[in-house]
Structure formats: structure tokens, C-alpha cells
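I have placed the structure first, in the form of C-alpha cells, so that the comments after it can refer back to it.
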Amino acid sequence: MTNPTHDFRYTSELAGQIEMAWQDRWETEGTFHTPNPVGDLANVDGPAAKNADGSKYFIMDMFPYPSGAGLHVGHPLGYIATDVVGRYRRMLGDNVLHALGYDAYGLPAELHAISTGEHPRVNTLANISNMRRQLRRLGLAHDDRRSFATIDSEFVRWTQWIFLQIFNSWYDAEAKRARPISELIEKLGTDDPAVIDEHRLAYLSESPVNWCPGLGTVLANEEVTAEGRSERGNFPVFRRNLKQWQMRITAYSDRLIDDLERVDWPDAVKIMQRNWIGRSHGAEVDFASEAGPVRVFTTRPDTLFGATFMVLSPEHPLVEALTSADQAEAVAEYRRIAAAKTELERQESREKTGVRLGSTATNPVNGEQIPIFIADYVLMGYGTGAIMAVPSGDQRDFEFATEHGLPIVPTMAEQVGLAEAYAGEGTIINSSNDEVSLDGLSVDEAKSRIVAWLESKSLGTGKTTYRLRDWLFSRQRYWGEPFPIVYDETAPPIALPDDLPAAESPEVPDFPPNSFAPDDVESNPEPPLSRNEDWVNVELDLGDGPKMYRRETNTMPNWAGSSWYEIRYTDPNNAELLADPRNESYWLGPRSEGGAGGVDLYIGGMEHAVLHLLYARFWHKVLFDLGHVSSEEPFQKLFNQGYIQAYAYTDERGAYVVADEVVAHEDGTFTHDGKPVNREYGKMGKSLKNVVTPDEMYDSYGADTFRVYEMSMGPLDVSRPWETRAVIGSQRFLQRVWRLCVDETTGEATFTDEPLEAATRSELHRTIEQVRVEMEHMRFNTAIARLIELTNHVTKENVSSREVIEPLVLMLAPFAPHIAEELWQRLGHEGGIAFAPYPVSNPDFIIQDSVTCVVQVLGKVRGRLEVSVDVSDEELTALALAEPNVVKAIDGRPVRKVIVKAPKLVSIVV
RNA sequence: GCGCACGUGGCGGAAUGGUAGACGCGCUGGCUUCAGGUGCCAGUGUCCGCAAGGGCGUGGAGGUUCGAAUCCUCUCGUGCGCACCA
């Protein structure tokens, strides 16, 4: 403290002392230990016990990956927000569950292990403890008894258990739910693996998968970017036929789409999930050909009469059989070129190239012989890999037809005369045969009529297809959950029974690199675990006496742990069950009949809109079907927080310079070391030299100031730039609040027991009312603005009555809990503020005897009147028309109309 | 190309169709200080004016309305998502 007269000022040093003292006290007293209905966490000593009968409220953050780089100021944004909500709900009397775990499997730890030779667990645990320290200093009200990491052997055990539940179940399409595989065995009357394994929700299959040599592993579709590269590391990805584990997420396509209606999520995320699943309704239609029926999928069966040719994907299995001798060479050449193109090249070229096969197919609705082509704009991976081409109704077909001189037959009145395809609504024309006519119908009517006709003639069926593919679930990594699967000499996978110790990762002494040159197409996946013969070969007694088995050597993707962790928070130490049903249903169960249930508030970034959030919903639904959870959805309400961005600066060579040392000039330019630099806006990162850490904020301002600043920067869901120099404003605010209670020179209490004057009391109750509304809508920036206004008001008026200071401190508590606890104690309260009741506004105290009335003339404000709130329309009109400035603005013109919204507005039209 | 957001002072951002710019940063002036910093007080959209007051202002152009940042149409720009999905 540099100023001797202000020994008791709320400085960063004092804030730090207060904050750490309260953090210790919360920990030793178990303040945030939340009671469970049953089990080891049922009884708590702390103050949370008094909320045990309150309404339950389960909040979650998207848990962090414990990266070695530690946290920057952007990371805690969501954690502070959930903490504010949690602390607010506790003060409302809710029983709040809030804890934080760590998503600890992942590639960075494995790469670090490879480069250092140190076991990834060592580095990961060190990172977790560093992150814990950084987060503890923030004062988050977490129940630390419920924290875990996905690498904990107890947690892994349950991840493996869930895998086996999925492995041992099948999807009953009629009942629209998963059922135990034993019921399928009973139903089919066989336990032959060749039959049964086909139906498992987790299954091994040889199919085209994404092979990424650069990472040395296969990847899920969701992990591959549109450019055909890995989301992590940006390495090229190749399609390869490999035998891998898959999860039958496609069985849940409809439920994953339909149940989006039952959750409170941002539309943007819902739309992304719907697009990703990509459901389209249409029909499959068979076109007769010399090689047998060629089946196509179409969403527009109503345009069948306009199908003037067919196009197969170059990889379509019937291509050879349908190729005539004189086209054989051209077809082979086209297929060769198509095969050599990467996915990206195929997508980039929009030219409608293609080759005639030389044979024809029969359009089933009119018997016409139409030519068959192959073209690479038709993809083998969607629908049936073959289309009927309707150039009048599909722009791609139109372009192809124009290119190759093929007939274009309009089937929509709206398309006639257009120089392009017409895909909208309208009236069908040119569409009839001897048995059925679609002419004059709308698109929807025509669709159902033609599908009915096709079905009656066995020429086609109504059909729904999806873009979603099954989830590729195995990885060739060391640092992931091992599969609880072994093999004997007869190939089919064998589940390790529950009572046998599940496979733990072997302690491998070294981690040889297992990736390949990024473009090495010839390379093959090679699971690191397979090199460890001692681990791979294991003697087990699975019922037929002790025998040697080989373990599955692939590991699970790092999405596994995050696909079910919400369940474990409810009962983290349960050794017998995933979670006791009484705990699970209390915290996650539906709040009302027919509800989907789930976490009450889940806050995290947009980047998981598809990946994590889709996988977690899928696993949760399987567990629901199998009776292990009472909730159908894992997350009832989702909120995407924005990101804290930062400026970075490059010098003339393009190298990043330390952002902290850059000087801004009045003309909008920036210099570093006197030399001009360029500013760019984006992420915070070590390599960009613009990282600001929470630790720096704790040192310079304290955790409370940092929390208030992050919450007051703007709406939570909007991204915005970090500005360290603006943090001071939040500190000034807290200093003013402090000064209301504590004399900066003597440290003595400054508040009094005097009652408030009516005007200030009115201000207070108005503020309480407004702040409550803002809190309910998570508009923390405006809630804080209201608190600052109240503080400034009482500071200016020199009011120091506890009647206003106490509610102010209470409302401040969710944002700045440490200073609030400290002041609450100084105000003479013993019990701590975390569970003190949130202030309630009394409308009787809100007085408003006069209000400013605005007088508009032709929409422009021309005068203001101080009037009583209950002024009558007539009175107000008279007052307004008499106001000198208004008279001047009317300028003698006749008044045509007066609109009065008493008491706030009069609008005069002349 | 398609879809969804979003464009407000020097900056971050406030505004149930009704006083545009709450709150904060910055800036200017003052007090405090040997000084720097911290703190406190006052001012701060822009143009004209000593003032009273007035003109112009929410990316741009139209429209609806007594009244539009807010609703509608078009347009420009930025961000995000999807992308030959039949």
C-alpha cells in the first residue's frame, strides 16, 4: 500500500487476502457440498443442507481438456457464468448441483508423452492440478467431492461398462428402442455370432473409413473437415476399407432429430444437428435395365415423368454390366480419372462431366427408354449411388442435360419457358399414363399419389434416407480407454464379463512414434497397444476353463468420456452402479410428465454443436432404453457462450510481436519498438504472443474484479475482444461498494442503522426488481450496470444505511462472492452469504410521483414535462399544447391529431 | 451456391415500436500528490450558437407508422454453419 492514509482501501492485495481466506473457509467448511437423495453424499454438514428440500438445479460446464498451456482469460468465461447462476439459485433456495471434471484423454498428452518418454498420465495429472489451482483461485462454488477425470480408473471402468451395454444390445425398429441382445437371441432362436453380431449397436465392420496417416489413426466423419482433412492437426484424410468398431448411431436418427423439439437449445445448434443428420423423405424407385433393376433414391418422385436419363456414381456396382462394348474404353477411362481425384477435387469442380454407358433403362411411369450415364456429381455414399435425372426439376441435372444435349421435359407449369430448373412449389403437368395422372396436382399431392401407384405396382416404395453415418468408434492410439473385448481363435469379439477386471491401459515404458508421413496412402493403422505382447495375450476363464485370449488393441475415441459424464456427477463414487437411480432421477429426471429431463443448464462453446452434443445424446438415449437412466435427453437447456477474442500484432516480416508492448496511436496505427505493426483480431494463443492469464488478473486486480469484468463486458453469448486496461472499471466499482461499508483510513465500519429516505428506498426496490429480471435472463452485463447505478447513487447521496447496503451486497454476491462474504460478515452476519436469501423487491416502496413526459411534434421531441404519474389524458394534452417550445414548433398550424400515452408521451400531428 | 446470425460514439456495449447512446473504458478539465500512480469531482455523438435553442445522427436505399436502432423489401459488409445430399 503506497498511500499511508488509505491502509484499508480495497486494493488487489487486500482483495487477494480476502479471496484466499474465503476460499479456504469454503473448502474446510464444505460450503458447496450438495446433498444427494441417497448414498455417500446424502448427508452434508455445510449450509447446503438447508436447501436440500429446495427445487433441484443441476448446472454444468463443458468440462475442460487439461492442456499443458494452462488457462487464458477466455477459458473461465463460461465457468464464471455458471457459477453466477449457481450462486444466484442457491440464494433463491434451490438445491444446486455444480461440479467440474476433466476430459483428460486426448492426443496432446500422447504426443507430449512420445516426445518426452514420460507416461501421459503423469503430464495429464500435472496439468489437471495446475488447472485446479487456477480455477480454485476464481472462487467457483463447485462441489469438489464430485470432481473426476475421465482417465480415473473408476471412471474408465464405467465407460467400458457402457460400451458393453451398447455392444450387448440391438435396435428394435418396431419398438423404436434399444433392447438387450438376449431378447434378440430369443426372438431369432439362434445365438450364432454371424447372425447376432450384425445387429449389435456396437459392431465390427469392414467398411470405408477415414484413415489419417499423419495422426496414425482412423477418424469419425465428424472429425473430418469439409476439405477432407483432420480437424486436429489438419492432416490429409483418405478413404480406406478397414475393419473397425462402429456405433449404430444411425438407428437413432429419427429420435435424435425429433427430440430436439423437447429441449431448450439455441436454434443454431438444433439446425446444425438436423443438417448433420440430414433426413430427407422421398422414394426408392426401380428402373428396369438389361442388368436388372437399377434402384434410385429421389426426394421428388412427383417429377418421375420428367426423368429423361439416369446417372450412376462411377463406383456403382452395376456400371460394368451396363456398359456397352463400344463405350467400354471411355467408361473405364472416366472411372480411372474419378478414382484418382480426391474428395476435395471432386467437390471443387462443378463441371458436369460424365460418360454414356451405351445402355438404357426403362422409366417405370411411361415405359420410355432413357440413356444411362456415369458422372462424378453422383456420390456412392448417399442414397443408392444412382439417380433418375430430371433436368427440368434439378439444376445439376439441367446443367448435365444441357452439356450433353439431352431432352428436358417440364413437369411443373412454373418451369415452362425457364432457362433453368424449377425446384419450387407449383402445379404438375405432363405427368400421366394409362393408370395414373398427376396433372393439376400440387407437389405434395402428386408425391403421395405416385408413391401409392409405385407401391401398388411393386416398382418402388416411400423411403427416408439420412446423411448421418454410423459413428466410427475405434482409434489407433495408446491414450484412450481400452475396449473390454477379447478374441479367441475364432474371430468374433467376446465381451469381458462384468466380474472380470476390465482392461486397464498397460504401463508401456516408451511411446514410439506411430504416425506416418501425412500423405502416405499405403500406410496401415497400427494400434500401439498391439506391440505390447504381454498385455495383448491374456489368460482368462470365460466359462470354458482357463484359455489364452487376445485383447482388442484399438482404443476408444476421446469423445467416450464426455458422452456420459453428466450422469456421473449425480453419483460420482458409486462402485455398484453407474449412478443410483434415485440420485440420477432426482438430478436428471423429467420435471414433469412427458419431459425429456436432463441437466437444467449446460453452458459451453458452439464448437461442440455436432460432435460431443450428438454423441452424448445418443449414449444417453441408449442408456434410457436399457433402463439405466430416467432421462431421455442429457441436457435440457443449452447455452452457447461467446468467446473472448484478442488482438495480435505482426511486424513487417509477418512475425508476431508481444501484444502487450504495442503502442496505439491517435491516427489508428500501431507500433512496436517504434516500428509499425499490423493488427489482427482473433484467438488468444501462445504463438500469437497475446495471451493474458487469469493469474495476471488475480495479481493485479483480484478474482472478484476479474469475475465482475468478464460478466460486464457484454452479453454472454457474444464474442468480444479482451481489453486489460478496461478491467480497472470493475475494480473501481468494487472499491466504491467497499467504501460504503469500510472507512479506508481507519478500517472502521461506516454503515449506519438509520432507515432510508423514501426516495432512496424507492431506488433500491426498483433496482432489486430490475436486477432479478436480468438475472433470470442471464443478462449479467445489464444486471451489473444496475448495481453500479445504485452504488453510484448512494455514494453521491452520501447514504450509508445498512437498509440499502445489505441488499446491495447480497445482489453483488453471485458476481463477486469474496468481497460480498467479507462485507456480509462485517455487517454482522455469521452464517455466510452463499445461502442467504436473495433480496425481494417490495412494490409498495417504489414511488413514482412524477415522471418526465415527452412531447413530440411530428415525431420529433419538442418538449419535456414533469407530470404526476396519474395525470389524465386531457390534462396532459392541455399541458403539452401549452408548453412554449411545443407552441413554437406547432407554429400556428392546426393540430390534426394528438396521441396520448399517459403519463410518458404525447405525440402531436399537425 | 444455400442457410442462419449480426452491422449503434474513439472502444466494449444499453435501449417492451415512444427521450438513442444506460453502465464501463478512453479522452478533457479540476482536486489530491514533491512526482508518478491510485483515488475523488465535473464534462464528453456531431455541426451551428454566448445562450435559449436548432440541424444531422443506429452500414446504405426505400416502405409501413403520429412515431422505427427495433417491423417489411432491396442492397452492401462481417461472422458462423452446410455444401454436387438427388
Side-chain angles (χ1 to χ4, degrees), chain A residues 1-3 5-6 9 11-12 226 266-269 271-272 274-276 278-280 282 296-300 303 311 313 346-352 375-379 381-390 393-397 399-400 423 465-467 606-607 609-610 664 666 668 708-709 712-715 717-733 735-736 739 744 779 781-789 791-792 795-796 852-864 884-885 888-889 896-899 901 904-910:
Chain A
M1 239 144 301
T2 51
N3 193 326
T5 62
H6 290 156
R9 171 167 291 174
T11 59
S12 57
D267 282 339
V269 178
I271 288 168
M272 274 192 244
R274 280 194 203 104
N275 287 345
W276 186 260
R279 176 163 68 186
S280 35
V296 303
F297 174 74
T298 176
T299 55
R300 292 295 302 276
T303 62
V311 185
S313 153
R346 247 174 104 153
Q347 282 172 23
E348 267 178 350
S349 151
R350 302 252 156 187
E351 278 172 59
K352 294 294 172 285
D376 65 3
Y377 78 91
V378 175
L379 309 174
Y382 183 78
T384 61
I387 62 159
M388 63 174 206
V390 183
D394 183 288
Q395 190 57 29
R396 292 156 301 175
D397 297 345
E399 286 166 24
F400 192 88
T465 60
Y466 304 88
R467 205 186 77 112
M606 255 317 253
E607 74 271 22
V610 177
E666 273 190 20
V708 169
Y709 175 63
S712 65
M713 288 168 82
D717 52 355
V718 177
S719 295
R720 65 213 95 138
W722 176 261
E723 198 182 0
T724 297
R725 71 174 181 181
V727 178
I728 190 76
S730 299
Q731 190 184 37
R732 285 180 191 148
F733 163 50
Q735 282 180 338
R736 284 198 292 276
R739 245 189 322 265
E744 288 189 335
R779 293 191 294 248
N781 54 329
T782 46
I784 291 170
R786 298 290 90 81
L787 295 178
I788 294 174
E789 278 175 311
T791 305
N792 291 352
T795 298
K796 181 172 282 193
T852 307
C853 176
V854 174
V855 186
Q856 297 178 345
V857 178
L858 288 172
K860 287 192 191 301
V861 179
R862 295 300 176 181
R864 293 184 171 83
N885 214 33
K888 197 175 130 199
R896 299 215 322 256
K897 195 173 174 187
V898 180
I899 293 141
K901 294 271 158 81
K904 298 202 69 164
L905 182 101
V906 178
S907 186
I908 297 165
V909 190
V910 294

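Note: hydrogens, waters and symmetry copies are ignored here, and every other heavy atom, side chains too, is used. Order of the sequence lines fixes the chain letters, A, B, ..., with proteins taken first and strands second; residue numbering starts at 1 for each chain.
The A/R725 side chain lies nearest to B/C25 when the options are B/C23, B/G67, B/C25. Distances from the side chain of A/R862 to the nucleotides B/G54, B/A86, B/U38 place B/G54 closest. Side chain of A/S907, nearest nucleotide from B/G81, B/C66, B/A86: B/C66. Ranking B/G55, B/U19, B/A86 by closeness to the A/F297 side chain, first place goes to B/A86. Listed nucleotides: B/G39, B/C66, B/A22. Nearest to the side chain of A/T782: B/A22. Comparing atom distances between the A/T795 side chain and each of B/C23, B/C41, B/C85 picks out B/C41 as nearest. Side-chain proximity of A/E723 to B/C23, B/A86, B/C11: nearest is B/C11. Here the nucleotide nearest the side chain of A/R732, chosen from B/G13, B/A22, B/C25, is B/C25. Comparing atom distances between the A/R9 side chain and each of B/A22, B/C84, B/G39 picks out B/G39 as nearest. Distances from the side chain of A/R739 to the nucleotides B/G10, B/C40, B/G18 place B/C40 closest.
The side chain of A/R736 contributes no N or O atom lying less than 4.0 Å from OP1 or OP2 of B/U38. Using a 4.0 Å cut-off, some side-chain N or O of A/K897 falls inside it from OP1 or OP2 of B/C66. OP1 or OP2 of B/A42 sits under 4.0 Å from a side-chain N or O of A/K796. Residue A/N885 places at least one side-chain N or O closer than 4.0 Å to OP1 or OP2 of B/G54. For B/G24, the OP1/OP2 oxygens have no side-chain nitrogen or oxygen of A/S730 closer than 4.0 Å. Between A/N781 and B/A14 there is a side-chain polar atom (N or O) within less than 4.0 angstrom of OP1 or OP2.
A salt bridge links A/R786 with A/E789; the closest basic N to acidic carboxylate O contact falls under 4.0 Å.
Between A/Q731 atom CD and B/C25 atom P the separation is 11 Å, expressed in whole Å. Residue A/R300 contributes atom CZ, which lies 14 Å from atom P of B/C85 at whole-angstrom precision. Separating the NZ atom of A/K888 from the C1' atom of B/G54 is a distance of 7 Å, rounded to the nearest angstrom. The CZ atom of A/R864 sits 10 Å away from the P atom of B/G54 (whole-angstrom rounding). Rounded to whole Å, the distance from CZ on A/R786 to P on B/A15 is 8 Å. Atom CH2 of A/W722 and atom C1' of B/G13 are 16 Å apart (whole Å). When rounded to the nearest whole Å, the span between CD1 of A/I784 and C1' of B/G12 equals 13 Å. Here the P atom of nucleotide B/C4 and the CH2 atom of A/W276 are 20 Å apart, to the nearest Å.
Between A/Y709 and A/W722, the angle of the ring planes goes over 60°, which puts this pair in the perpendicular group of the 30/60° scheme.
B/G21 and B/U46: their P atoms are spaced 14 Å apart (whole Å). B/G43 and B/A52 have their P atoms separated by 14 Å, given to the nearest Å. Using C1' as the reference atom, B/U8 and B/G57 are 10 Å apart when rounded to the nearest Å. Across the P atoms, B/G1 and B/A15 are found 36 Å apart, a figure rounded to whole Å. Annotation: B/U32 and B/G39 have their C1' atoms spaced 8 Å apart (nearest Å). Rounded to the nearest Å, the gap between the P atom of B/C6 and that of B/A86 is 28 Å. The same atom, P, is picked in B/G36 and in B/U28; the two are 14 Å apart, to the nearest Å. Using C1' as the reference atom, B/U38 and B/C48 are 41 Å apart when rounded to the nearest Å.
A donor-acceptor contact under 3.5 Å links the side chain of A/K901 to the base of B/G18. For B/G39, its base never sits under 3.5 Å from the side chain of A/E744 at any donor and acceptor pair.
Glycosidic conformation of B/G9: syn, with the torsion inside 90° of 0.
Among the atoms of the strands shown, only primed sugar atoms or phosphate atoms (P, OP1, OP2) are found under 4.0 Å from some heavy atom of A/S719.
The line from OG1 of A/T299 to CD1 of A/I387 is 10.5 Å long, rounded to the nearest 0.5 Å. Between the CG atom in A/L905 and the OG1 atom in A/T852 there is a gap of 12.5 Å [rounded to 0.5 Å].
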